[in-house]
Amino acid sequence: MSMTEQPNGVFPAVCPLDCPDTCGLLLHKENGKIVKVTGNPDHPVTRGAICNKVRNMAERVHHPDRLLYPMKRSGPKGSGQFVRMSWAEAISEIAEKFGSLSAEHGPESILPYSFYGNMGVLNAESMDRRFFGRLGASKLDYTICQSAGSAGWKYTMGFGGGASPEDTLNAKLFIVWGGNIVSTAMHQAVWMEQARKNGAKVVVIDVHKNLTGRRADRFVPLHPGTDSALALGMMHVLFERGLVDEAFLRRYTLGHEELREHVKAYTPERVSRITGVPAADIARLAEMYGEASPSHIHIGNGLQHHDNGGMAVRTIACLPALTGQWMRGGGAFKSNSAYASLNDEALQRPDLRAEPRARTINMNKLADALLTLEPKIRALFVYGSNPAVVAPDAQRVREGLMCEDLFTVVHELFLTDTAKYADIVLPASSSFENTDLYTSYWHHYVQLQEPVIEAAGESKSNFELFKLLARAMGFEEEAFREEESAVVRAALDYPDNPYLNGVTLERLREERFVPLDMSPKKGYLDRLKTPSGKIELYSEQLKAIGLPPLPTYMPLKEGYDGENRGEREAISAYPLMFISPPNHNFLNSSFANVAKHRSMEKEPLLQIHPEDAAARRIEDGQLVEAYNDRGVYALKASVTEAMLPGTVISQGLWWSGPNGDSGSLPPETPGGRQRRGLANALTSSRLADMGGGATFFSTTVEVRLAEAAPQVRKQ
Ligand SMILES: Nc1nc2c(c(=O)[nH]1)N[C@H]1C(S)=C(S)[C@@H](COP(=O)(O)OP(=O)(O)OC[C@H]3O[C@@H](n4cnc5c(=O)[nH]c(N)nc54)[C@H](O)[C@@H]3O)O[C@H]1N2
Ligand SMILES: Nc1nc2c(c(=O)[nH]1)N[C@H]1C(S)=C(S)[C@@H](COP(=O)(O)OP(=O)(O)OC[C@H]3O[C@@H](n4cnc5c(=O)[nH]c(N)nc54)[C@H](O)[C@@H]3O)O[C@H]1N2
Ligand code: SF4
Ligand SMILES: [Mo]
């Protein structure tokens, strides 16, 4: 009997969310429904502990708002009015529309838009990629999350992998830099605490005292976007005081002599003016870093969501090379996804592409793509993502979604803010209803999900959906008939990645947690994949794309710049920097519609420093508006000293209705009635310095009491 046929029992599962931990789960099932989700104690890294979000996951999976059948728009765009239709009708309508658009305007008039709402590779990046490739649609550049930082890391290290979780246990100094691991990578936080028990000091470098900062032995607050300056100041001290590992620099790095000269300009005094960190603290931090061994730096995503985010990550990635930490059991982590690289050609089948040279559209530019791009986007197919909430410049994204001549399909579990703009909504099955393959971008275990419950209503997986669409479009290739198990096998069959050695479907079925073969990591430093084969402190590649070849502080385009502008006009555009990182109980915008998770977060808050609040006559608990030229976000003020003056913080990607009200939040939600707009109404779609990355946090705003605001506003 398969797992889905057994009404009761405890079944293994994998957390599908976009989180580094990729926990092993146990689903407790009664009468065919999940009644409880716990951690699987047998998982070698996550060891049975899971976060609060997923402990309450049953609430989401069996939520009464789950979409159960396809629907078609019956009211004006964005009104959220739909009527039921059959799958057969839905598929043939979409296929007809795609066929006629391709014939009339070319297939590039169709744009797929997706992200990792479900991290399973079958559903996130296999049949869908085959389908849109074969169709010849515009390609999407998946840049919204970590691309600036990953590019910065790769220019330096050549390979998208760093320290293993196991390496961090022995650290004597543990630095969390621009990450909130207590909320966003909880098992790294568990391992950090274990390292602390073994004598490690914990330093958190952040623009606000987040939950992780509150646990630090030393919290270092700084101005947003100034991290590369701080790291360069540390290098200045490391070289000056002879705290570098000369032998390591000679053997494994390129450009250490140039760097040594270059960082002379970054004196602690100068760096203090840029970052807001006192000069003595910069020197002390450098000394701690130079003296503690082994040391570990966890590089979070926060600092790379800036205009200069690629350079920030690159600069920090140079630090362990200066102290030779890579040979001393220490190092740094940005992402470990490259160790688990799968056979993408087999998964995505680029060979099927009808238009190999089809244009590529950066997903951060969705607003422009819908409103101004020529030739026009005439159809948008969204799945595994909620761009009306998560994409930058969200107000303009919504304007784009309102275009009468845009045909929008959304495949979702819920009627999200994005789905409300759809012409056709398709119900998606949850990951616990599907087969899928999961790798982690942190630990080194591969896992398999097999269906545990029946698909809700008429919902279908992404994998199934794109097979159906392919058939309707007349795509005859065998690639569109493959079963899940065949695709898993093909993905794992990848001799180019030696770390994948020995990972097979059979072992996944039997052992559940199959470790990557980490033996090739031993010789890692001797054959780095940079052009020189060394850690590139100096990068010709960066020079070739017009960026400084040595790590360099580059002020934000929109934001704080304490060096090049006077103390008073230190900010470009509006006077406050607006930082909107994730919160503890949502996963990006997922869970924001689940009452349980929302009640744990209570309501969106704008954290503002007492000085900034007083200057605006704002008191704790008052309704305020953060605004700039792009939009408005009305929410409750929380007056706190968690950050330096000049920065305001709002955590969590809350949903918001198209009319600027609180959207799908029921009116009884605290603040629900008064809240208007959303964080990304304020953010810019400007691209970061590297990798086409997003710049969510290089945003400036002004804040005023909501009562003081004009009552009539557009939308
Ligand atoms: N609970 C929960 N967990 C999650 C997620 C979630 O939404 N909720 N999202 C998942 C995803 S997709 C991702 S990418 C990761 C992200 O998780 P993290 O890697 O932790 O990154 P962020 O949460 O984006 O930002 C972390 C911190 O960066 C800070 N920050 C902002 N600008 C700067 C700066 O210029 N310098 C410095 N030093 N710090 C700065 C913010 O204040 C924030 O505290 O978490 C994953 N895990
Ligand atoms: N202001 C600001 N904006 C941000 C960020 C920030 O820190 N601040 N963080 C950014 C980052 S790092 C990221 S990664 C993005 C994340 O942005 P998204 O990837 O859009 O993440 P979610 O909001 O979780 O939306 C995922 C959606 O996928 C749906 N889904 C889940 N499983 C499936 C499935 O199997 N099939 C289908 N069809 N749908 C499914 C879920 O119901 C959910 O609505 O947001 C970015 N936006
Ligand atoms: S969201 Fe992250 S921490 Fe929570 S269960 Fe999933 S993988 Fe584990
Ligand atoms: Mo992300």
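Read the numbers this way: they start at 1 and go in the same order the structure lists the ligands and their atoms.
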Problem set entry | Numbered atoms and elements of ligand 1 in range of G300, under 4.0 angstrom, heavy atoms | 19 (O)

For this session: Report yes or no: is the cationic atom of R598 (NZ for Lys, CZ for Arg) closer than 6.0 Å to the six-membered ring centre of F591, at no more than 45° off its axis?
Result: no

For this session: Ignoring hydrogens, just give me the one of P581, P20, G178, S228 whose non-hydrogen atom is nearest atom 26 (C) of ligand 1.
Result: G178

Exercise. How does F586 reach ligand 1, if at all, at less than 4.0 Å between non-hydrogen atoms: by side chain, backbone, both, or neither?
Worked result: backbone

For this session: Around atom 25 (O) of ligand 1, find the nearest protein heavy atom and jot down its residue, atom name and distance.
Result: G302 CA, 3.3 Å

Exercise. Is there a ring pair (Phe, Tyr, Trp, His ring centres under 6.0 Å) between Y266 and H236 once you walk through the steps?
Worked result: CA-CA 6 Å; Y266 290 91; H236 174 101; 8.5 Å; no

Exercise. Going through the checks in order, is the ring pair (Phe, Tyr, Trp, His ring centres under 6.0 Å) test met by H443 and H187?
Worked result: CA-CA 10 Å; H443 63 62; H187 291 91; 8.5 Å; no

For this session: Could you tell me whether some N/O pair between K53 and ligand 1 is separated by less than 3.5 angstrom?
Result: yes

Exercise. So, T640 and S638: side-chain donor and acceptor under 3.5 Å apart, yes or no?
Worked result: no

Exercise. Just checking, is any N or O donor in the side chain of N434 or S429 under 3.5 Å from an acceptor N or O on the other one?
Worked result: yes

Exercise. Do H597 and N585 meet the criterion of a side-chain donor-acceptor pair at a distance under 3.5 Å?
Worked result: no

Problem set entry | Under 4.0 Å to a heavy atom of D227 - the qualifying atoms of ligand 1, by number | 34 (C), 35 (O), 36 (N), 37 (C), 38 (N)

Problem set entry | Min heavy-atom dist N583 to ligand 1 below 4.0 Å | yes

Problem set entry | Sub-2.8 Å protein N, O or S atoms surrounding atom 8 (Fe) of ligand 3 | C23 SG

Exercise. For the residue pair H444 and Y339, is the inter-centroid distance of their aromatic rings smaller than 6.0 Å?
Worked result: yes

Seminar exercise, completed: atom 30 (N) of ligand 1: closest protein heavy atom, distance to 0.1 Å, is V207 CG2, 3.7 Å

Exercise. Nearest protein heavy atom to atom 44 (O) of ligand 1, by residue and atom, and its distance?
Worked result: N210 ND2, 2.8 Å

Seminar exercise, completed: dist L17:CG -> N588:CG (nearest 0.5 Å) comes out at 9.0 Å

For this session: For C145, counting its heavy atoms only, list the atoms of ligand 1 lying under 4.0 Å from any of them.
Result: 14 (S)

Problem set entry | Aromatic plane relationship, H63 with F414 - under 30° parallel, 30 to 60° tilted, over 60° perpendicular | perpendicular

Seminar exercise, completed: Judged by heavy atoms only, the candidate from H306, M643, H298 nearest atom 32 (N) of ligand 1 is H306

Exercise. Which atoms of ligand 1 are found less than 4.0 Å from any heavy atom of I579?
Worked result: 31 (C)

Exercise. Please state which protein non-hydrogen atom is closest to atom 4 (C) of ligand 1 and give its distance, to 0.1 Å?
Worked result: L587 CD2, 3.5 Å

For this session: Identify which of S183, P224, A642, P582 has a heavy atom lying nearest to atom 3 (N) of ligand 1.
Result: S183

For this session: Say whether N180, considering both its backbone and side-chain N or O atoms, lies within less than 3.5 Å of an N or O atom on ligand 1.
Result: yes

Exercise. Which bit of D18 is near ligand 1, meaning a heavy atom under 4.0 Å away: side chain, backbone, both or neither?
Worked result: both

Exercise. Should H298 and F174 be marked as a ring pair (Phe, Tyr, Trp, His ring centres under 6.0 Å) after you check the CA-CA gap, both sets of side-chain angles, and the distance that decides it?
Worked result: CA-CA 8 Å; H298 179 99; F174 194 108; 7.0 Å; no

Exercise. What is the nearest protein non-hydrogen atom to atom 31 (C) of ligand 1, stated with its residue, atom name and distance?
Worked result: F697 CD1, 3.5 Å

Exercise. Strictly by modelled atom types, are H306 and S698 linked by a side-chain donor-acceptor pair under 3.5 Å?
Worked result: yes

Exercise. Does the side chain of N462 pick up a donor-acceptor pair with the side chain of D128 at under 3.5 Å?
Worked result: no

Seminar exercise, completed: ligand 1 atoms nearer than 4.0 angstrom to some heavy atom of H208 are 42 (O), 44 (O)

Exercise. Heavy-atom count around K53 NZ within 6.0 Å, excluding the residue itself: above 12?
Worked result: yes

Problem set entry | Residue pair H28 / T38, side-chain donor-acceptor N/O under 3.5 Å | yes

Exercise. What are the atoms of ligand 1, with element, lying closer than 4.0 Å to any heavy atom of N301?
Worked result: 14 (S), 16 (C), 18 (P), 19 (O), 21 (O)

Problem set entry | Residues T418 and N386: side-chain donor-acceptor under 3.5 angstrom | yes

Exercise. Can you list the atoms of ligand 1 that are under 4.0 Å from a heavy atom of I205?
Worked result: 38 (N)

Seminar exercise, completed: When rounded to the nearest 0.5 Å, the distance separating CH2 of W654 from CD of E603 is 7.5 Å

For this session: Check each atom of ligand 1 against the heavy atoms of G225 and keep those under 4.0 Å away; list them by number with element.
Result: 34 (C), 35 (O)

Exercise. Out of D206, T184, N588, who gets a non-hydrogen atom closest to atom 41 (C) of ligand 1?
Worked result: D206

Exercise. Is it true that N585 lies under 4.0 Å from ligand 1, counting heavy atoms only?
Worked result: no

Problem set entry | Q146 versus Y441, side-chain donor and acceptor atoms under 3.5 Å | no

